Chemist: 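Once you've had a glance at the structure underneath, I'll fire off some questions.
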Amino acid sequence: MRGYSEKFEGRFLPITADEIASHPALQELIRRQSQALLIAYEANPRQSSIFATQQRWLMGHIGFAVYFNRDAGEPGLLTSRFLDMTQAYAVASRNTADAFLKELLNYGYIEYCPESDDRRARPVRPSQSTFDAIHGWIMVHLATLDGLDGGQRLATYLATSDGMNRIEPLICEGLLSSQAIREPANTFSLFTWLNNGGIIMERLIVGLEDASSGAEQLSTSITSIAEMGLWLQLSRSHLARKLREAEALGSIGWRGKRGSSVMWVSRGFLGEIAAAQAAKLAVIDAAYEASLAPEIG
């Protein structure tokens, strides 16, 4: 794989999305990654749900980028800079972004900086649980990348005291600049704007039968829309509507009665999920190589 075979200016080149998507171990690595992310969701469903649409997920990354890139001497993130960046990248309106920050404050996922003397700007900072969440997210994805080529990204990240400060702003920049991530196609895009849509796709991956079977329709462990909605804290009608849209595209279906039998996913939808994961992993690998990778002699 090119990431560990070619060098440029003393560093290995990051792995491309195409190289990741074509890797024979990708499906199994994505399954393990999804398992880890589901464990994180189940440990704190409310916190995970707050970031579980693409818009909120991107705003979360923007918040960390603004926090880590703050000027020397500033105790925390200035709301005005967060709102400016969110609007500049057309992620959300200022009103939506402001409401998002207020929600985070309400649940204690960010907090006002007590050491600030600026009562007007009132800078904020992530709470420890929020730092822990992004730390875990970074670790899970670096472990996936290491699984592709036997690298030591995760170990390097953990051994670097300011590893999160270095890599997260570059991850954010890469995500915001990626058309593949910002504008996903077909069925995948149906779920990116649904509350907990990302979690739904993680659940599909974890419960999938052996993808190497060659079948065009792969059974999952999901057998009930009602149970799925309860687990995700979504209304059954809202979830069923999105699943019907995906069904109309031929991306999912049911072995028996709709909504109360074994759900299957198409190989095409599985390919969309793999492509989206490959695009995200390529962004994270590029951020790692630019911020944490040791120089090669």
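Everything numeric in this text was worked out from a predicted model, so none of it was measured.
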Chemist: How would you list, by chain and number, every residue that makes a side-chain contact (heavy atoms from CB on, under 4.5 Å) with E216, sequence neighbours excluded?
Modeler: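 E216 satisfies side-chain contact (heavy atoms from CB on, under 4.5 Å) with R267 once adjacent residues are dropped.
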
Chemist: Minimum heavy-atom separation for A40 to S48, with atom names?
Modeler: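 Looking at all heavy atoms of both residues, the closest pair is O-OG, 3.7 Å.
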
Chemist: Which residues pass the salt bridge (charged side-chain N to carboxylate O under 4.0 Å, His left out) test with E111, not counting sequence neighbours?
Modeler: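 Salt bridge (charged side-chain N to carboxylate O under 4.0 Å, His left out) check on E111 returns R125.
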
Chemist: State yes or no: do Y67 and L176 share one hydrophobic cluster built from I, L, V, M, F, W and Y residues joined by side-chain heavy-atom distances below 4.5 Å, directly or via other members?
Modeler: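 Linked within one cluster.
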
Chemist: Just how far is it from atom CD1 of I110 to atom OG of S129, taken to the nearest 0.5 Å?
Modeler: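 Reported value, rounded in 0.5 Å steps: 11.5 Å.
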
Chemist: Are L29 and L145 close enough, and set up right, to give a side-chain contact (heavy atoms from CB on, under 4.5 Å), and what steps lead you there?
Modeler: CA-CA 9 Å; L29 290 168; L145 285 163; over 6 Å; no

Chemist: Would you check, one step at a time, whether the test side-chain contact (heavy atoms from CB on, under 4.5 Å) holds for T86 with F100?
Modeler: CA-CA 11 Å; T86 302; F100 176 69; over 6 Å; no

Chemist: Which atom names give the shortest non-hydrogen contact between C172 and M85, and what distance separates them?
Modeler: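 Scanning both residues completely, I find the closest heavy atoms to be SG-CE, 4.1 Å.
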
Chemist: Measuring from atom CD1 of I199 to atom OG of S34, what distance do you get when rounded to the nearest 0.5 angstrom?
Modeler: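 The distance works out to 9.0 Å.
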
Chemist: Any chain of hydrophobic side-chain contacts (each under 4.5 Å) joining I39 to L204?
Modeler: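 Hydrophobic grouping puts I39 apart from L204.
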
Chemist: Specify whether W231 and Y41 have parallel, tilted or perpendicular ring planes, treating 30° as the upper limit for parallel and 60° as the lower limit for perpendicular.
Modeler: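 It falls in the perpendicular class, over 60°.
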
Chemist: Give every residue pair that meets the salt bridge (Lys or Arg N to Asp or Glu O under 4.0 Å) criterion with at least one member in residues 166-187, sequence neighbours excluded.
Modeler: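 As it turns out, the salt bridge (Lys or Arg N to Asp or Glu O under 4.0 Å) pairs with a partner in residues 166-187, which skip direct neighbours, are D162-R166.
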
Chemist: Could you work out, with salt bridge (charged side-chain N to carboxylate O under 4.0 Å, His left out) as the rule, every residue matching D84, not counting sequence neighbours?
Modeler: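 Only R94 meet the salt bridge (charged side-chain N to carboxylate O under 4.0 Å, His left out) criterion with D84.
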
Chemist: Working to the nearest 0.5 angstrom, can you tell me the gap between F64 CZ and I171 CD1?
Modeler: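 Atom-to-atom, F64:CZ and I171:CD1 are 11.0 Å apart.
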
Chemist: Nearest 0.5 Å, what's the CZ-CD1 distance between R244 and I252?
Modeler: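 Output value for this atom pair is 10.5 Å.
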
Chemist: R56: what forms a salt bridge (charged side-chain N to carboxylate O under 4.0 Å, His left out) with it, not counting sequence neighbours?
Modeler: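 With sequence neighbours excluded, R56 shows a salt bridge (charged side-chain N to carboxylate O under 4.0 Å, His left out) to E103, given in chain and number order.
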
Chemist: Just grab all the ring pair (Phe, Tyr, Trp, His ring centres under 6.0 Å) pairs involving residues 167-186, residues at least two apart or on different chains.
Modeler: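 Output for this query is empty, none listed.
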
Chemist: On a heavy-atom basis, which atom in P294 and which in Y288 lie closest, and how many Å separate them?
Modeler: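 Smallest interatomic distance, heavy atoms only, reads CD-OH, 3.9 Å.
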
Chemist: Return the set of residues passing ring pair (Phe, Tyr, Trp, His ring centres under 6.0 Å) with W254 (not counting sequence neighbours), or none when no residue passes.
Modeler: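 Applying ring pair (Phe, Tyr, Trp, His ring centres under 6.0 Å) to W254 gives none.
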
Chemist: Are any of the side-chain heavy atoms of T130 and Q47 separated by less than 4.5 Å?
Modeler: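 Yes. Closest side-chain heavy atoms under 4.5 Å.
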
Chemist: Considering residues at least two apart in sequence or located in another chain, which fulfil the ring pair (Phe, Tyr, Trp, His ring centres under 6.0 Å) criterion with Y89?
Modeler: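 Residues passing ring pair (Phe, Tyr, Trp, His ring centres under 6.0 Å) with Y89: none at all.
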
Chemist: With sequence neighbours left out, what residues match Y157 under ring pair (Phe, Tyr, Trp, His ring centres under 6.0 Å)?
Modeler: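 Counting only residues at least two positions away or on another chain, Y157 forms a ring pair (Phe, Tyr, Trp, His ring centres under 6.0 Å) with H135.
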
Chemist: Using every non-hydrogen atom in the two residues, find where A180 and A279 come nearest and quote the distance to one decimal.
Modeler: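 Closest pair (atom of A180, atom of A279, distance): CB-CB, 4.0 Å.
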
Chemist: Would W137 and L37 satisfy side-chain contact (heavy atoms from CB on, under 4.5 Å), going step by step from the backbone distance to the final call?
Modeler: CA-CA 8 Å; W137 185 88; L37 293 173; 4.1 Å; yes

Chemist: Restricting to non-hydrogen atoms, name the atom on I15 and the atom on A282 that form the minimum distance, rounded to 0.1 Å.
Modeler: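 Shortest heavy-atom contact: O-CB, 3.7 Å.
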
Chemist: Pick out which of D285, L281, D146, V283 makes a side-chain contact (heavy atoms from CB on, under 4.5 Å) with H141.
Modeler: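 Among the candidates, only L281 passes.
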
Chemist: For residues 31-50, pull every pair meeting salt bridge (Lys or Arg N to Asp or Glu O under 4.0 Å), keeping only residues two or more places apart or in separate chains.
Modeler: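 Checked against salt bridge (Lys or Arg N to Asp or Glu O under 4.0 Å) - neighbours excluded - the pairs reaching residues 31-50 are E28-R31, E28-R32.
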
Chemist: Minimum heavy-atom separation for L270 and L208, please, with both atom names.
Modeler: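 Closest pair (atom of L270, atom of L208, distance): CD1-CD2, 3.7 Å.
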
Chemist: Are the side chains of R203 and S221 in contact, using a 4.5 Å heavy-atom criterion?
Modeler: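 Contact flag for S221/R203 side chains = yes.
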
Chemist: Looking at NZ of K280 and OG1 of T144, how far apart are the two atoms once the value is rounded to the nearest 0.5 Å?
Modeler: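 Between K280 NZ and T144 OG1, I get 8.0 Å after rounding to 0.5 Å.
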
Chemist: List for me each residue that meets side-chain contact (heavy atoms from CB on, under 4.5 Å) alongside A36, sequence neighbours excluded, and say none if there are none.
Modeler: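 If we apply the side-chain contact (heavy atoms from CB on, under 4.5 Å) test to A36, skipping adjacent residues, the hits are V140.
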
Chemist: Count the heavy atoms belonging to other residues, nucleotides or ligands that lie under 6.0 Å from CD of Q179, then report whether that count exceeds 12.
Modeler: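 Count not over threshold, so no.
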
Chemist: Name all residues meeting the salt bridge (charged side-chain N to carboxylate O under 4.0 Å, His left out) criterion together with E247; count only those two or more places apart in sequence or in a different chain, and write none if there are none.
Modeler: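 E247: salt bridge (charged side-chain N to carboxylate O under 4.0 Å, His left out) contacts with R258.
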
Chemist: Do the ring centers of F51 and Y109 come within less than 6.0 Å of each other?
Modeler: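 No, they do not, as the ring centres are separated by 6.0 Å or more.
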
Chemist: Applying side-chain contact (heavy atoms from CB on, under 4.5 Å), run through M263 and I225 and close with a yes or a no.
Modeler: CA-CA 9 Å; M263 179 193 287; I225 289 180; 5.5 Å; no

Chemist: Flag yes if V124 and F131 sit in one hydrophobic cluster, no otherwise; membership is Ile, Leu, Val, Met, Phe, Trp, Tyr, and two members link when side-chain heavy atoms are under 4.5 Å apart.
Modeler: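 As far as the 4.5 Å side-chain criterion goes, F131 and V124 are connected within one cluster.
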
